[in-house]
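Lettering of chains follows the sequences in order, A, B, ..., and the numbering in each one begins at 1.
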Amino acid sequence: MSKRFFMTTAIDYPNSRPHIGTAFEKIGADAQARFQRMLGNEVFFLMGNDENTVKVAKRAEELGQDPKAYCDTMADQFKEVWRALDLSFTDFIQTSEERHHKGCQAFIQKVKDNGHIYKGSYEGWYCNGCESFKSDRELDGNQCCPTHNAKAVRRQEPCWFFALSTFREKLLDFYRENPDFIQPESRHNEVLNLVETELKDVNITRSGETWGIRVPFDPEFTIYVWFDALLNYITAIGYGFDESLFSKWWPADLHVIGKDITRFHCALWPAMCMAAGIATPKRVFGHGFVHHKGEKMSKTIGNVVEPMDLLKEVGPDAFRYYFLRECPYPGDGDFSYRRFIEVYNADLANNLGNLYSRVVGLIGRNFGGALPPMETPTCWLGVMTRQEIVEIWTGHMEGLRYNQALQLLWAEVLVPANQHADKMAPWSLVKTDLSAAALVLRDLVEPIRVVSILLKPFLPKVAQTLYESFSFDQAWDRITPAHASQFAQSPGELRVLAPTENGKVKPLFPRLQAKAENET
RNA sequence: CGCGGCGUGGAGCAGGGGUAGCUCGCCAGGCUCAUAACCUGGAGGUCACAGGUUCAAAUCCUGUCGCCGCAACCA
């Protein structure tokens, strides 16, 4: 039953701090990692930074720092944000690390030995100011570089090519045999189109750089961005220096990436794997982007939102909830502070939080904090059975349709529970028929239990708090989705373990007041 | 005619031949255990536009307009 699950996120450029879009990717990946662990799988969840780029070296130079020191500082800043978001990564790789350099060199040598790399020359428009080649899109109508306002020059230089074009048929076969490789399915055509029509050999080296990974068979060159970056997925698990670790985890079960880099992961990367003679990854998921008040976030517009302020205000769980509930993972979503407040208050404070408060409060004040052992079996309040809910929930989790998984819990579990409370009015019943009231309350605790379990991948802290507020039998860290699918018989009384004051609990999610026309 | 996607009440989405549905917001009422919460009801849409097929079209077909994605380094 238990198996291994190796998953990754895209590695990030450390030349600026992470924004909420970057965070969106990581949160969604983390929910998957936690879901897989709940299923009993052994999970390796890899994250990291992409450091061998010219931009990084330049930025370090501007700051008068050694590039490696600069990378380490930035990596610490990234990790600080990731920990604040409660991301449960197993390892964080920096591509400036020795293990990555070693693995990369072993890989490129292997691909060379297998005959898929050849020497050629690259010709293109070169901006002396940027010290780099520019694509047509990067230049304005007069072949001028917009940042330096200088004419780009035609330049030719020797380089090494990866013979990507020779993999066309193999890739097309691969997609045919693995129709679920590219997700969401809507990206499938895009990649097919690319592979069928414009799969060209790629330049994988640069010359004249001091920062980066040397090409082992021609040391005046360094390995160029993508060929290096993608390899973090295997160098982190020992490729080239720890065969047993590598064979334990490879191939990857899931690469979580942004939709913009689908092509590299769905075409270049499997071809690279084929060229090196290693297995191809099983699945690539390209998630959507987060916009800010309807606008695309961009550094030049200056509307990027950094996560830390909001995170400090509302904590990781509410932060995670917003993005996973409000932004469909496969598609684009929108963030605004105003909307955040609405969603937070409606779903977390008013619905989930308040159900919890009213139920615990009633048990606290009328039953001394413990419901007596039940003789009559309790009933399930929703229209769907627990089994049906868990089944649908599981399908959504496997497809990374987090917003639908969450929507399901609110519509089928929490809303019916609040409605039941209102209909049965245990606060009145308690005056006339105490045991009937106890039964009603037991029926209201059950949805809280079910929801706390199914929220575990989303709200790591709050789900645990919810669950451990009651004396359920199963230990929290051993909980599986199956535990949510049926009623947990409790032999004795059901006690409230949450700390209470005058029968009241501290609100899980205190309501937020919208700051007048606030930004963020 | 490069390929592909999308246009549904204020916002975000679902529905894919037969009284147009959900969440949030808004308005009114109920209730009062609870975080001024919860519950019930209501207003608000000629389902982008124009043709066509059909007894019947948001749903199928054709065309038009608009928006967006991809075309090698932006999560």
### Query
So Leu87(A) and Arg320(A), side-chain contact (heavy atoms from CB on, under 4.5 Å) or not? Walk me through it.
CA-CA 10 Å; Leu87(A) 304 180; Arg320(A) 293 164 63 108; 4.0 Å; yes
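Salt bridge status for Glu501(A) with Lys504(A): absent, with no side-chain N to carboxylate O gap under 4.0 Å.
Taking atom CD1 of Ile204(A) as the reference point, atom P of rA72(B) lies 19 Å away to the nearest angstrom. Computed from coordinates, the His287(A) NE2 to rC74(B) C1' distance equals 12 Å when rounded to whole Å. Following rounding to the nearest Å, Glu326(A) (CD) and rG25(B) (P) show an atom-to-atom distance of 11 Å. Rounded to whole angstrom, the span from the CZ atom of Arg358(A) across to the P atom of rU32(B) amounts to 12 Å. At whole-Å resolution of the value, CG in Asn350(A) and C1' in rC24(B) are 11 Å apart. Rounding to whole angstrom units, CG of residue Asp334(A) and P of rC67(B) are separated by 19 Å. Between Asp332(A) atom CG and rC68(B) atom P the separation is 12 Å, expressed in whole Å. Rounded to an integer number of Å, the gap from CG of Leu268(A) to C1' of rA72(B) is 9 Å.
OP1 and OP2 of rC39(B) both lie 4.0 Å or more from every side-chain N or O belonging to Lys423(A). Contact between the side-chain N/O atoms of Lys55(A) and the OP1/OP2 oxygens of rC74(B) is found at a separation under 4.0 Å.
Using a 4.0 Å heavy-atom criterion, one finds that Phe264(A) contacts the bases of the nucleic acid, with or without backbone contacts as well. Across all strands shown, Asp12(A) has heavy atoms under 4.0 Å from sugar-phosphate atoms exclusively, and none from any base. Contacts of Phe289(A) with the nucleic acid, taken as non-hydrogen atoms under 4.0 Å apart, include base atoms. Within the nucleic acid shown, Gly258(A) comes within 4.0 Å of sugar-phosphate atoms alone, with no base atom in reach, counting heavy atoms only. Among the heavy atoms of the strands lying under 4.0 Å from Ala346(A) are primed sugar atoms or P, OP1, OP2 only; no base atom is included. At the heavy-atom level, Val290(A) lies under 4.0 Å from base atoms of the strands shown. Residue-level contact check: Leu194(A) touches neither bases nor backbone, having no heavy atom under 4.0 Å from any strand. Looking at heavy-atom distances under 4.0 Å, Val191(A) makes no contact with the nucleic acid at all. The residue Gly361(A) sits apart from the nucleic acid: no heavy atom pair falls under 4.0 Å. Across all strands, Leu164(A) comes closer than 4.0 Å to base atoms (heavy-atom distances). If you check every strand for non-hydrogen atoms under 4.0 Å, Arg263(A) touches sugar and phosphate atoms only.
Annotation: of the two residues near RNA chain B, Leu414(A) and Ser428(A), the 5′-most nearest-nucleotide partner is Ser428(A). Both Gly288(A) and Arg187(A) lie close to RNA chain B; mapped to their nearest nucleotides by heavy-atom distance, the more 5′-ward contact belongs to Arg187(A).
Taking atom P in both rU35(B) and rG30(B), the straight-line distance is 23 Å, to the nearest Å. A distance of about 24 Å separates the P atoms of rG9(B) and rG41(B), rounded to the whole Å. On the P atoms, rC24(B) is 38 Å away from rG4(B), given to the nearest whole Å. Going from the P atom of rA43(B) to that of rC27(B) covers 16 Å, rounded to whole Å. Nucleotides rA57(B) and rG69(B) place their C1' atoms 29 Å apart, quoted to the nearest Å. The C1' atoms of rA28(B) and rC70(B) are separated by 50 Å, rounded to the nearest whole Å. Only the P atoms considered, rG5(B) is 16 Å distant from rG15(B), to the nearest whole Å. rG7(B) and rG16(B) have their C1' atoms separated by 15 Å, given to the nearest Å.
Closest to the side chain of Asn354(A), out of rC38(B), rA71(B), rA75(B), is rC38(B). Residue Asp422(A) places its side chain closer to rG30(B) than to any other of rU35(B), rU32(B), rG30(B). Closest approach to the Ser357(A) side chain among rC39(B), rU35(B), rG69(B) is made by rU35(B) (side chain taken as heavy atoms from C-beta onward). The Asn189(A) side chain lies nearest to rG4(B) when the options are rG4(B), rA75(B), rU35(B). Nearest to the side-chain atoms of Arg365(A) among the listed nucleotides rG4(B), rC33(B), rA75(B) stands rC33(B). With distances taken from any side-chain atom of Asn418(A) to the nucleotides rC33(B), rA75(B), rC39(B), the minimum falls on rC39(B). Distance from the side chain of Gln419(A) is smallest for rC39(B) among the nucleotides rA72(B), rC39(B), rA75(B). In this structure, of rC38(B), rA75(B), rC70(B), it is rC70(B) that holds the atom nearest to the side chain of Glu190(A). The Lys200(A) side chain lies nearest to rA72(B) when the options are rC38(B), rA75(B), rA72(B). Here the side chain of Gln407(A) is nearest to one of rC39(B), rC22(B), rC74(B), namely rC22(B).
Asp228(A) and Asn52(A) are linked by a side-chain donor-acceptor pair at a separation below 3.5 angstrom, with hydrogens and angles left out of the test. Judged by distance alone, the side chains of Thr22(A) and Asp12(A) never bring a donor and an acceptor atom under 3.5 Å apart.
Nucleotide rA58(B) is matched to nothing when pairs are restricted to Watson-Crick or G-U wobble geometry with both distances under 3.5 angstrom. When Watson-Crick and G-U wobble pairs are counted only if both distances are under 3.5 Å, rA43(B) pairs with no nucleotide at all. Pair assignment for rG7(B): rC65(B), on the basis of Watson-Crick or G-U wobble contacts that are both within less than 3.5 Å. The nucleotide rA36(B) finds no pairing partner, because no Watson-Crick or G-U wobble arrangement with both distances shorter than 3.5 Å includes it.
Counting heavy atoms of neighbouring residues, nucleotides and ligands inside a 6.0 Å radius, atom CD of Glu391(A) does not exceed 12 of them. Heavy atoms from other residues, nucleotides or ligands lying under 6.0 Å from CD of Glu80(A) number 12 at most.
Taken to the nearest 0.5 Å, the CG atom of Leu459(A) stands 7.5 Å off from the CG atom of Leu352(A).
Seen from the ring of Phe335(A), Lys293(A) does not count as a face-on cation partner, given the 6.0 Å and 45° thresholds.
Ring geometry, Phe340(A) versus Tyr322(A): the interplanar angle falls from 30° to 60°, so the pair is classed tilted.
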